[in-house]
Q: 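Take a look at the following structure, please.
Below, read A as the first sequence line, B as the second, and so on, with proteins coming before strands; counting in each chain starts at 1.
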Amino acid sequence: MATDGIIHAHLTPLPDRVGVEGLEEKWTKNWDESQVFKFKGNTDRTGVYSIDTPPPTVSGHLHVGHVFSYTHTDVMARYKRMRGYDVFYPMGWDDNGLPTERRVQNYYGVRVDTSLKYDPAFKPPFEGTEGKKIEARDQVPVSRQNFIELCEKLTAQDEKQFEALWKTLGLSIDWTQTYHTIGEHPRRVAQKAFLRNLARGEAYQQEAPGLWDITFQTAVAQAELESREYPGFYHKIAFHAEDGTPIYIETTRPELLGACVALIAHPDDTRYQHLFGKTVTSPIFGVKVPVLAHPKAEMDKGVGIAMCCTFGDMVDVEWWRDLKLPTRSIITRNGRISAETPEWITSEAGRALYAETATKTTFSARKVIVEALQASGDMDGEPIPTKRMTNFYEKGDKPLEIVTSRQWYLSNGGTDKKLNAELLERGKELQFHPGFMRVRYDNWVNGLNGDWLVSRQRFFGVPFPLWYPVTDSGETDYAHPIVPSEDILPIDPTTDVPAGFEESQRDVPGGFTAEKDIMDTWATSSLTPQIVTHWEEKDSNGLFEKTFPMDLRPQGQDIIRTWLFSSVARAHLENHVLPWKHTALSGWILDPDHKKMSKSKGNVVVPSEPIEKFGADAVRYWAASARLGTDAAYDIGQMKIGRRLAIKLLNATKFALSIGREDENHHVGESAQAAWDPTKITEPLDRATMAKLARVVRTATKALEDFDHAKALETIETFFWEFCDDYIELVKNRAYGTPDENGKEPSGAAIMSARTTLGIGLDAFARLFAPYLPFSTEEIWHWMHEDAGSVHVAPWPEAGYYATIALKVPPELLDHAGHALAALRKIKSEAKVSMKTPILAATLKAVPAGIEHIKAALDDIAQAGRVTGKLELAQISAGEAADAGSASEAHDAADVAPIDDTEVLISDSQLGEPPVKKPKK
RNA sequence: GGGCGAUUAGCUCAGUUGGUUAGAGCGCCACGUUUACACCGUGGAUGUCGGGGGUUCGAAUCCCUCAUCGCCCACCA
């Protein structure tokens with residue numbers, strides 16, 4: 001826009017008939033070529049808006065829920081771009097972790113073996129076996145590096161597909177900034193950040209009992225837990241006091257009887273006071289265990305006294321730690337009872353029973369023990385079925401066991417109260433949208449019960465960049481890890497050799513050995529702000545300083561405890577800042593029956609389907625209609641409305657542009673120049689329309705600043721329909737220059753005023769709708785501004801500009817004029833005649849201000865309503881009308897209707913003859 | 001058990017610091033080919049604001065309570 005406020009338009013030929021088909025392809029190609037969404041990086045941090053995009057998992061398919069939340073982000077990105085920000089909007093792909101590992105295994109028929117060397121000539125045994133599982137015995141072992149290469153190969157195909165879909169949806173991503181989480185750069189960042197944590201003492205290793213998944217054979221972090229209902233049985237079992245009295249306990253896990261180290265009751269429990277400090281004997285096994293008191297024992301649960309085993313659950317761990325109990329572990333890492341009979345079971349009967357359970361699964365072992373207890377009479381009654389909540393690994397399907405192992409931990413405020421308080425403080429600093437989502441963060445941080453367990457006993461992922469010395473006697477010296485220098489990262493310790501050693505010294509006394517564990521996938525994902533901004537990267541070119549800390553983290557509400565929290569923790573420890581100012585949480589997508597969409601329910605909608613059917617703008621409209629944090633139903637109806645809106649926008653713009661052309665002695669279909677000079681807007685109705693536009697721009701802008709994209713859309717959309725239904729209808733004749741009933745033509749100034757208002761109005765709508773309907777707005781933008789570049793880098797409309805045009809004319813003038821027209825239309829609608837039917841006479845009634853407004857637009861109203869005779873005006877007050885309505889039913893129906901200040905009533909109307917229908921051509 | 005959110009027309013949802021007689025779209029009904037739009041236009045009908053209690057001149061809105069739904073956390077004897 002020029003400084004004189006004149007909007008110069010270069011009008012291109014218009015189509016005879018408009019449609020939304022094909023716009024995605026046309027403009028996606030154009031945007032690719034012109035690189036409108038490329039981050040420029042030529043301003044400082046204040047001119048940049050940076051977005052930490054969630055990298056979708058590239059295994060499998062996207063579903064329509066992705067479309068939903070990514071559209072929310074894209075609306076914001078496009079809005080900020082139009083506000084003049086250099087928007088930094090990268091896309092990542094998450095291909096680090098179990099889903100990808102399993103997929104690559106099945107697709108290529110390979111599995112990782114960290115003992116193998118990298119083979120550059122490796123060819124996988126299978127290719128493209130999607131869908132059918134390759135049995136483990138048919139999988140060929142490969143080195144980690146080979147596995148990563150296969151993963152990159154496979155995901156590259158998916159990424160292409162995903163990228164195409166995102167582009168079709170109109171996401172304004174800078175595709176030159178793409179990353180994937182197992183890629184070299186993210187691996188380097190993850191390892192470097194870990195080494196920094198290690199150097200500062202925030203990363204440490206510990207041998208401790210912890211939750212363990214027996215299927216995946218790995219330790220699991222608190223954040224990856226999921227409680228699920230799991231069926232079990234209560235067994236009432238008798239221990240025996242020294243005098244032989246049975247002491248009954250209740251347990252759901254009798255198979256752990258052999259691992260029992262104590263019985264525990266609450267210190268205040270009078271029933272067991274006499275037993276504290278004494279020992280009891282376990283049934284059959286005959287092992288003596290102490291009866292102890294601990295406040296964590298609950299008097300009203302079961303019989304009030306519990307068997308403490310190492311380890312049945314996390315409370316056992318607490319008791320074991322607090323009461324310094326011995327470790328008597330009988331469950332192995334694969335979830336089976338260990339083969340060797342433990343030395344603490346000494347009785348013959350006990351050892352025989354144990355041998356019977358050895359190497360059995362917990363399920364089978366339980367059966368053996370229960371039968372034995374029933375036979376010996378130590379079980380009271382039958383097992384009572386129960387459903388209890390049990391911890392599962394979120395990706396696993398067997399309950400977690402507790403085993404003791406050496407693991408790496410990262411401080412996250414789970415043990416350090418000061419850090420915990422600092423992280424809570426960061427949570428307060430972060431602006432959550434919607435705000436109530438903050439409590440989920442607070443709940444999580446307050447409920448942490450240990451540091452972040454980051455090591456996983458898996459093979460695919462980012463390796464810990466560590467080796468350990470092997471002593472001369474062949475022991476691994478975990479206490480003195482060997483670290484690489486930062487400049488050689490990323491490394492794989494199973495194939496790379498630490499400085500000062502040679503490959504021949506691997507795993508030999510006096511040499512070194514690799515840390516074979518990999519990091520939790522969140523250990524990489526938690527660093528996406530550092531990854532995308534090229535923290536500490538040589539090729540950064542100052543990118544980090546221009547983009548970090550970032551502005552926005554959009555993400556799902558389900559991963560506040562993982563992705564959001566761990567990112568905050570990492571940035572706090574490494575950069576001493578919050579990684580972003582805002583976080584935007586989208587809701588769930590529910591199917592039309594309000595069930596959450598998920599693969600297992602089989603109700604997932606593939607996003608390409610609705611995009612193809614209704615158009616990308618329509619699907620975006622549906623997504624953008626839902627506020628942040630609010631669940632939304634998959635709603636085809638809403639998409640149809642979006643499609644209708646886009647088509648309406650095309651048609652209204654076509655009209656506004658075609659009508660302006662005749663003035664230039666041009667016909668529709670030809671190019672033309674136009675200059676929409678705001679000083680040419682002189683008619684009160686036109687000014688009122690600009691006044692309302694100013695108000696709409698102000699409201700929409702404020703809503704977008706508050707991350708309320710849905711409210712902004714609603715505001716813009718409502719006014720757009722008013723603009724079409726009322727304003728355009730009112731000024732159509734004037735804009736055409738149509739003479740009135742008396743043959744009087746509108747003045748040139750009046751014609752120009754209408755045409756300019758139409759032009760400036762539609763120019764504004766193109767820009768206001770641009771974040772929501774990027775394709776149709778780009779189409780119309782190019783109809784009116786052929787050489788002006790993309791609407792998506794055009795400036796966002798400013799309320800002040802339109803307010804200046806409006807001068808002091810109030811927006812209510814448009815409302816009154818619109819309601820007056822509606823009143824005239826109602827006469828015809830109720831008489832069931834064509835809108836072309838002339839009105840011979842009518843009286844319009846409105847509040848005094850309304851009368852003034854109607855007078856100011858009377859010619860337009862009369863002509864739009866085809867009033868050929870006298871149009872009278874009569875003043876009423878809102879109060880009068882309401883009183884009249886309730887006091888008497890003798891009034892005209894219209895008088896009884898409740899009115900507000902902008903309502904216009906009608907009476908004494910008289911219709912003429914409907915026009916004769918013209919025969920069809 | 002603790003917490004968060006929701007409950008408004010047949011459906012999907014707005015409803016601001018409490019303020020006249022609670023709104024929109026879809027769907028429904030009726031009418032209308034009108035030189036932007038039949039992928040359309042015009043007009044109309046539609047409510048125990050989940051229940052109960054309270055504060056107030058006045059409550060969809062604030063407080064208490066109950067119910068239902070969704071989610072988060074805790075609960076493994």
Side-chain angles (χ1 to χ4, degrees), chain A residues 14 17-21 227 230 232 234-237 249-253 263-265 297-298 301-309 312-316 386 388-391 399 434 436-440 442-444 446-447 557-558 560-561 587-588 590 592 594-596 622 625-627 629-633 635 637-638 640-641 643-644 646-659 668 710-711 714 717-718 721 724-725 728-729 732 736 738 821-822 825-837 866 878-879 882 885-886 897-901 914-915 917-918 920:
Chain A
L14 293 166
R17 203 175 151 73
V18 303
V20 292
E21 276 74 24
S227 357
Y230 192 72
Y234 284 121
H235 307 77
K236 198 166 178 185
I237 296 174
I249 58 110
E250 278 192 331
T251 179
T252 55
R253 302 204 60 183
L263 296 191
I264 315 274
E298 292 177 41
K301 211 177 247 180
V303 289
I305 187 162
M307 149 175 109
C308 172
C309 308
D313 60 45
M314 291 311 284
V315 180
D316 285 342
T386 173
R388 58 205 179 106
M389 297 307 281
T390 307
N391 279 326
F436 65 77
M437 289 287 181
R438 177 179 284 107
V439 299
R440 299 195 183 190
D442 292 345
N443 280 349
W444 180 252
N446 279 319
Q557 53 189 327
D558 51 331
I560 289 175
R561 67 176 181 174
W588 301 116
L590 311 170
H594 278 220
K595 299 271 185 304
K596 190 181 159 190
W622 157 73
S625 305
R627 291 169 302 159
T630 305
D631 296 347
D635 187 356
Q638 199 68 11
K640 286 182 180 164
I641 298 161
R643 182 184 164 83
R644 197 171 73 119
I647 293 168
K648 189 81 175 178
L649 186 61
L650 295 173
N651 274 311
T653 308
K654 181 183 133 190
F655 168 71
L657 297 182
S658 64
I659 211 165
V668 175
K711 185 183 177 182
E714 195 197 353
E717 186 190 6
T718 303
W721 283 102
C724 290
D725 295 345
I728 291 183
E729 290 305 320
K732 200 182 248 180
Y736 275 128
T738 313
L821 177 60
R825 289 194 289 227
K826 191 173 173 180
I827 298 170
K828 301 175 196 183
S829 194
E830 283 180 346
K832 299 183 195 275
V833 294
S834 157
M835 287 295 140
K836 279 177 119 175
T837 310
R866 302 202 185 236
S886 55
I899 67 162
D900 64 30
D901 281 352
K917 283 185 186 177
K918 286 176 200 158
K920 279 186 183 173

Q: Residues in side-chain hydrogen bond (donor to acceptor under 3.5 Å, both in side chains) with A/Arg825, at least two apart?
A: A/Asp726
Q: Check every strand shown and say whether A/Ala297 touches a base, only sugar-phosphate, or nothing at a heavy-atom separation below 4.0 Å.
A: base
Q: If we take the C1' atom in both B/C26 and B/U20, what is their distance in whole Å?
A: 29 Å
Q: Rounded to whole Å, please give me the gap between CE in A/Met389 and P in B/C71.
A: 12 Å
Q: Checking A/Leu590 now: which residues fulfil side chain to side chain contact (heavy atoms under 4.5 Å, CB included) with it, not counting sequence neighbours?
A: A/Trp588, A/His594, A/Lys596, A/Asp631
Q: With sequence neighbours left out, what residues match A/Ala265 under side chain to side chain contact (heavy atoms under 4.5 Å, CB included)?
A: A/Tyr272, A/Phe276, A/Ile305
Q: Between A/Arg561 and A/Ala306, just flag the one whose closest nucleotide in RNA chain B comes earlier from the 5' side.
A: A/Arg561
Q: With sequence neighbours left out, write down each residue that passes side chain to side chain contact (heavy atoms under 4.5 Å, CB included) with A/Val315, or none if nothing qualifies.
A: A/Lys296, A/Asp313, A/Trp319
Q: Between A/Lys836 and B/G32, does any side-chain N or O lie under 4.0 Å from OP1 or OP2?
A: no
Q: Name the nucleic acid region contacted by A/Tyr230, choosing base, sugar-phosphate or nothing; use a 4.0 angstrom heavy-atom cut-off, strictly under.
A: nothing
Q: For A/Asn391 and B/C73, give me the distance from atom CG to atom P, rounded to whole Å.
A: 11 Å
Q: So A/Cys308, base contact, sugar-phosphate only, or nothing? Heavy-atom distance under 4.0 Å.
A: nothing
Q: If I take atom NZ in residue A/Lys732 and atom C1' in nucleotide B/U42, what distance separates them, rounded to the nearest angstrom?
A: 12 Å
Q: Run the side-chain hydrogen bond (donor to acceptor under 3.5 Å, both in side chains) test against A/Ser625 and tell me which residues pass, sequence neighbours left out.
A: A/Gln638
Q: Quote, to the nearest angstrom, the P distance that separates B/G23 from B/C63.
A: 25 Å
Q: Please give, in whole Å, the distance from B/U16 C1' to A/Glu714 CD?
A: 13 Å
Q: To the nearest angstrom, how far is A/Lys654 atom NZ from B/U35 atom P?
A: 12 Å
Q: Atom pairs, N/O to N/O, protein against nucleotides 2-10 of chain B, distance under 3.5 Å?
A:
none

Q: Would you write out the dot-bracket form of RNA chain B, 5' to 3', with Watson-Crick and G-U pairs under 3.5 Å, [ ] for crossing pairs, | for pairs to other strands and . for unpaired bases?
A: (((((((..((((.....[...)))).(((((.......))))).....(((((..]....))))))))))))....
Q: By the 4.0 Å heavy-atom rule, please label A/Lys640 as base, sugar-phosphate, or nothing.
A: nothing
Q: What's A/Glu729 touching, base or sugar-phosphate or nothing? Going by heavy atoms closer than 4.0 Å.
A: base
Q: Considering every strand and a 4.0 Å limit on heavy-atom distances, what is the contact class for A/Thr718: base, sugar-phosphate, or nothing?
A: nothing
Q: On RNA chain B, nearest-nucleotide positions of A/Asp725 versus A/Val20: which is more 5'?
A: A/Val20
Q: State which residues pass salt bridge (charged side-chain N to carboxylate O under 4.0 Å, His left out) with A/Glu714; sequence neighbours excluded, sorted by chain then number.
A: none
Q: Hey, does A/Met307 reach any base, or is it just sugar-phosphate, or nothing, if we go heavy atoms under 4.0 Å?
A: nothing
Q: Reckon A/Glu298 touches a base, only the sugar-phosphate, or nothing at all at heavy-atom distances under 4.0 Å?
A: base
Q: Taking the P atom in each of B/G41 and B/G47, what is the distance between them to the nearest angstrom?
A: 26 Å
Q: Can you list everything that forms a side chain to side chain contact (heavy atoms under 4.5 Å, CB included) with A/Lys640? Sequence neighbours excluded, please.
A: A/Phe614, A/Ile636
Q: Reckon A/Arg866 has a side-chain N or O less than 4.0 Å from the OP1 or OP2 of B/U42?
A: no
Q: How would you list, by chain and number, every residue that makes a side-chain hydrogen bond (donor to acceptor under 3.5 Å, both in side chains) with A/Arg388, sequence neighbours excluded?
A: A/Thr252
Q: Write down the protein N/O and nucleotide N/O pairs, taken from nucleotides 25-28 of chain B, whose separation is under 3.5 Å; answer none if there are no such pairs.
A:
residue	atom	partner	partner atom	Å
B/C26	OP1	A/Arg644	NH2	3.1

Q: Taking CZ from A/Arg253 and P from B/C76, how many angstroms apart are they, rounded to a whole number?
A: 14 Å
Q: For A/Arg825, answer base if it contacts any base atom (sugar-phosphate contacts may also be present), sugar-phosphate if it contacts only those atoms, and nothing otherwise; contact means non-hydrogen atoms under 4.0 Å.
A: sugar-phosphate
Q: Base, sugar-phosphate, or nothing for A/Trp721, non-hydrogen atoms under 4.0 angstrom?
A: sugar-phosphate
Q: Measure from NZ on A/Lys832 to P on B/C31 and round the result to the nearest Å.
A: 5 Å
Q: Could you tell me which residues satisfy side-chain hydrogen bond (donor to acceptor under 3.5 Å, both in side chains) with A/Arg253, sequence neighbours excluded, listed by chain and number?
A: A/Glu255, A/Glu401
Q: What is the separation between atom CD1 on A/Ile659 and atom P on B/U34, rounded to the nearest whole Å?
A: 18 Å
Q: Just checking A/Lys648: base, sugar-phosphate only, or nothing, at a heavy-atom cut-off of under 4.0 Å?
A: base
Q: Take A/Phe655 and A/Ile728 through the test side chain to side chain contact (heavy atoms under 4.5 Å, CB included) and record every step on the way to the result.
A: CA-CA 9 Å; A/Phe655 168 71; A/Ile728 291 183; 3.5 Å; yes
